Student: 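Here's a structure for you.
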Amino acid sequence: MNIFALFERRIADVLARLTKAGALPDDLDFSRVVVEPPRDATHGDLSTNAAMVLAKAAKLNPRALADLIAAELKNDPSVVEVDVAGPGFINLTLRDELFYDVLRAIVLDPENYGRGGVAGAGAVNVEYVSANPTGPMHVGHARGAVFGDALAGLLAFAGYPLSKEYYINDAGAQVDVLARSAYLRYREALGEDIGAIPEGLYPGDYLKPVGEKLAETHSTALLGKPEAEWLATVRDTAINAMMDMIRDDLAALNIRHDVFFSERSLAQGKTDEIAATIADLRDRGLIYEGRLPPPKGQPADDWEDREQTLFKATEFGDDVDRPLLKSDGSYTYFASDIAYHYSKFQRGFATMIDVWGADHGGYIKRMQAAVAAVSQGKAELDVKICQLVRLLRNGEQVKMSKRAGEFVTLRDVVDEVGRDAVRFMMLFRKNDAPLDFDLAKVLEQSKDNPVFYVQYAHARCASVFRQAAEGIATLNAAPEALATADYTILADSAERDILRQLAAYPRLIEGAAKSHEPHRIAFFLYELASAFHSLWNKGKDLPQLRFVKLDDVPSTMARLAFVRAVRSVLASGLNILGVTAPEEMR
RNA sequence: GGCCCCGUAGCUCAGUUGGAUAGAGCAACUGCCUUCUAAGCAGUAGGUCUCAGGUUCGAAUCCUGACGGGGUCGCCA
């Protein structure tokens with residue numbers, strides 16, 4: 001149950017009644033009317049801007065219109081008080097029973113509280129990670145991986161049909177380099193002294209097992225042959241091995257994609273889908289042979305003016321038209337990416353979300369242009385850019401040297417601090433802001449560490465139930481029993497505040513899902529945890545606020561329902577973010 | 001030089017898509033442990049939302065311009 005959605009409907013009803021009665025013109029646009037919590041809680045429980053938004057079109061003074069609407073809302077049985085304030089805000093104070101209803105709803109069905117707020121929405125495709133299959137994942141990949149996964153979890157929870165995809169960049173020059181690197185390891189596995197790994201090949205030890213596997217499968221059959229004869233075989237083996245490794249790395253973060261889509265398969269299937277996509281666009285006059293102006297500003301010394309095959313990205317808001325073929329006639333990365341996104345559209349996704357690293361910012365416009373073109377404007381692409389992560393240990397930056405083939409792998413970090421810390425901290429910041437990740441700090445068991453702080457609040461809730469069960473032999477803490485408790489005892493300001501936070505959860509989910517911002521959940525959980533810790537502490541000075549009172553079962557039952565609800569919402573949010581909700585902290 | 005992102009308390013950051021007197025956490029200062037877990041809590045102090053215009057009932061939020069920081073700029077992926 002979502003009280004904000006509830007009152008959006010009730011206010012819409014009021015507006016409809018006023019329209020019918022002739023008090024409002026009948027062509028008003030209600031879409032800007034919102035119901036939200038007032039910034040200042042002393043103003044009430046709900047606030048609506050209806051009067052201010054509609055005043056102009058209704059040719060009424062905002063305050064006068066607010067009074068009109070307020071008079072109607074006073075008849076609502078769940079409303080205690082209606083105030084018109086400021087420039088025309090309508091503030092509602094709700095009966096406590098409404099919040100008790102919320103409490104009951106959570107206790108009776110904790111799994112589904114806040115779920116499905118956007119029911120009936122179209123399917124969404126979330127593409128994330130998409131690290132090149134040329135080595136293990138390093139820590140730089142972690143943020144996009146966690147962000148994409150949490151966003152997917154959030155959208156699924158909110159009610160969107162969803163596909164989580166990984167685009168395997170298994171075409172292009174880099175996988176040939178991978179193949180050559182693996183071939184070297186193959187020769188090494190057969191006993192040859194290969195010396196130092198030449199410049200331009202991947203030096204990492206992680207290719208040794210691939211060489212050994214090749215030696216096992218092919219024995220000496222590939223030795224001494226020209227590259228053309230072994231390249232494809234070695235490449236496929238190496239890519240498969242790399243993808244197995246990447247899947248393992250992702251599993252360490254509890255990330256599992258629904259679809260792994262191969263770039264190579266686009267051009268290698270029965271039909272060349274890249275060619276087909278280009279042909280489609282050409283038929284619609286969106287492809288032409290032409291020349292591009294050289295880059296402005298800093299002169300490119302290797303610039304060579306030549307005629308090439310171009311996509312009219314400028315027709316869809318991009319700055320320049322974009323080439324589809326390299327000078328050797330092969331497809332550019334962009335060309336296959338167009339075909340890939342076309343495939344998403346053909347598979348029924350009108351909403352696509354791509355999660356990219358900060359260095360791909362310049363690529364957004366052309367991809368959005370491409371999606372608009374291939375879908376004829378029927379699909380939309382949102383690109384979420386994850387800014388860089390600075391890895392620290394006690395405030396000192398941890399250096400990464402890619403050159404020597406040494407980099408901090410994602411696995412190293414997860415092994416050191418655990419999955420929960422990595423996931424939560426990566427989400428405790430907006431995706432488009434840079435992030436410092438301190439390996440020492442996230443292991444601290446203190447309030448300075450948000451992961452711990454939130455998990456501890458959940459563990460404390462569990463602890464209350466253990467205490468209650470120990471102290472009251474006859475206790476029945478089943479949901480049905482908790483749901484019938486008398487909640488009127490929950491009258492302290494701290495308790496009332498938390499009840500309002502719990503009531504705001506469905507609205508939070510909806511907003512976070514619609515704006516593609518999972519970090520909002522992390523911050524909400526932090527605030528809820530903080531409020532709960534605070535209430536817990538209040539019980540030290542004020543014994544009447546303690547959750548468990550051995551001599552007062554009715555009040556204990558009400559408090560247990562309350563704690564159960566807090567715990568369920570904490571667990572629900574943590575679950576969406578993919579962070580565990582522990583019973584106790586050890 | 002073009003384009004994209006960012007600029008909010010001393011520091012690190014939120015700010016519910018345009019709402020009311022801009023909020024947290026660190027750090028600083030003052031308190032609180034015979035207590036349902038002090039692994040914590042309460043309080044004080046801290047602001048020209050980088051600057052200048054504009055849009056309107058109303059701007060940290062939207063538009064324009066400047067300044068500062070980062071990213072990126074045909075035939076890499």
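Order of the sequence lines fixes the chain letters, A, B, ..., with proteins taken first and strands second; residue numbering starts at 1 for each chain. All values reported here derive from a predicted model rather than from experimental measurement.
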Student: Sorted by first residue and then second, give each salt bridge (charged side-chain N to carboxylate O under 4.0 Å, His left out) pair with at least one member in residues 321-337 of chain A; sequence neighbours left out.
Tutor: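 For residues 321-337 of chain A: A:Asp318-A:Arg322.
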Student: Under the side-chain hydrogen bond (donor to acceptor under 3.5 Å, both in side chains) definition, can you give me all pairs with a residue in residues 46-65 of chain A, not counting sequence neighbours?
Tutor: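 Those involving residues 46-65 of chain A are A:Ser47-A:Asn91.
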Student: Checking A:Ser336 now: which residues fulfil side-chain hydrogen bond (donor to acceptor under 3.5 Å, both in side chains) with it, not counting sequence neighbours?
Tutor: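 Scan of A:Ser336 (side-chain hydrogen bond (donor to acceptor under 3.5 Å, both in side chains), adjacent residues dropped) gives A:Glu263.
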Student: Residues two or more places apart in sequence or in another chain: which of them pass ring pair (Phe, Tyr, Trp, His ring centres under 6.0 Å) with A:Tyr167?
Tutor: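 A:Tyr340.
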Student: When you check every protein heavy atom under 4.0 Å of nucleotides 19-34 of chain B, what one-letter string (B, S, -) results, 5' to 3'?
Tutor: BB---SSS--------
Student: Please list residues of residues 311-327 of chain A whose heavy atoms come under 4.0 Å from any atom in RNA chain B, ordered by number; otherwise none.
Tutor: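 Close to the strand are A:Asp319, A:Pro323, A:Lys326, A:Ser327.
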Student: Apply the side-chain contact (heavy atoms from CB on, under 4.5 Å) test between A:Glu444 and each candidate in A:Asn449, A:Val451, A:Asp438; give the one that qualifies.
Tutor: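 Single pass found, and it is A:Asn449.
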Student: Could you give the distance separating B:rG46 and B:rA9 at their P atoms, to the nearest angstrom?
Tutor: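 Their P atoms lie roughly 15 Å apart.
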Student: What are the atom names and distances for every N/O pair under 3.5 Å that joins the protein to nucleotides 44-50 of chain B?
Tutor:
none

Student: The side chain of A:Phe523 lies closest to which of these nucleotides: B:rC5, B:rA77, B:rC13?
Tutor: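 So the side chain of A:Phe523 is nearest to B:rC13.
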Student: If you write RNA chain B from 5' to 3' in dot-bracket form, with Watson-Crick or G-U pairs under 3.5 Å, [ ] for crossing pairs and | for pairs with another strand, what do you get?
Tutor: (((((((..((((.....[...)))).(((((.......))))).....(((((..]....))))))))))))....
Student: For the residue pair A:His341 and A:Asp354, confirm or rule out a side-chain donor-acceptor distance under 3.5 Å.
Tutor: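 Short answer, yes.
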Student: Would you list the pairs meeting salt bridge (charged side-chain N to carboxylate O under 4.0 Å, His left out) in which at least one residue belongs to residues 84-93 of chain A, sequence neighbours left out?
Tutor: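 Not a single pair qualifies under salt bridge (charged side-chain N to carboxylate O under 4.0 Å, His left out).
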Student: For A:Glu127, what residues pass the salt bridge (Lys or Arg N to Asp or Glu O under 4.0 Å) criterion, not counting sequence neighbours?
Tutor: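 A:Glu127: salt bridge (Lys or Arg N to Asp or Glu O under 4.0 Å) contacts with A:Lys344.
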Student: Taking ring pair (Phe, Tyr, Trp, His ring centres under 6.0 Å) as the cut-off, I'd like each qualifying pair that reaches into residues 544-567 of chain A, sequence neighbours left out, listed once.
Tutor: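 Every ring pair (Phe, Tyr, Trp, His ring centres under 6.0 Å) pair that includes a residue of residues 544-567 of chain A, provided the two are not neighbours, is A:Phe532-A:Phe547.
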Student: Please report the distance separating the P of B:rU17 from the corresponding atom of B:rC13, rounded so that it comes out in whole Å.
Tutor: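 B:rU17 and B:rC13 have their P atoms separated by 24 Å.
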Student: Tell me, please, which residues at least two apart from A:Lys365 pass salt bridge (Lys or Arg N to Asp or Glu O under 4.0 Å).
Tutor: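 With sequence neighbours excluded, A:Lys365 shows a salt bridge (Lys or Arg N to Asp or Glu O under 4.0 Å) to A:Asp319, given in chain and number order.
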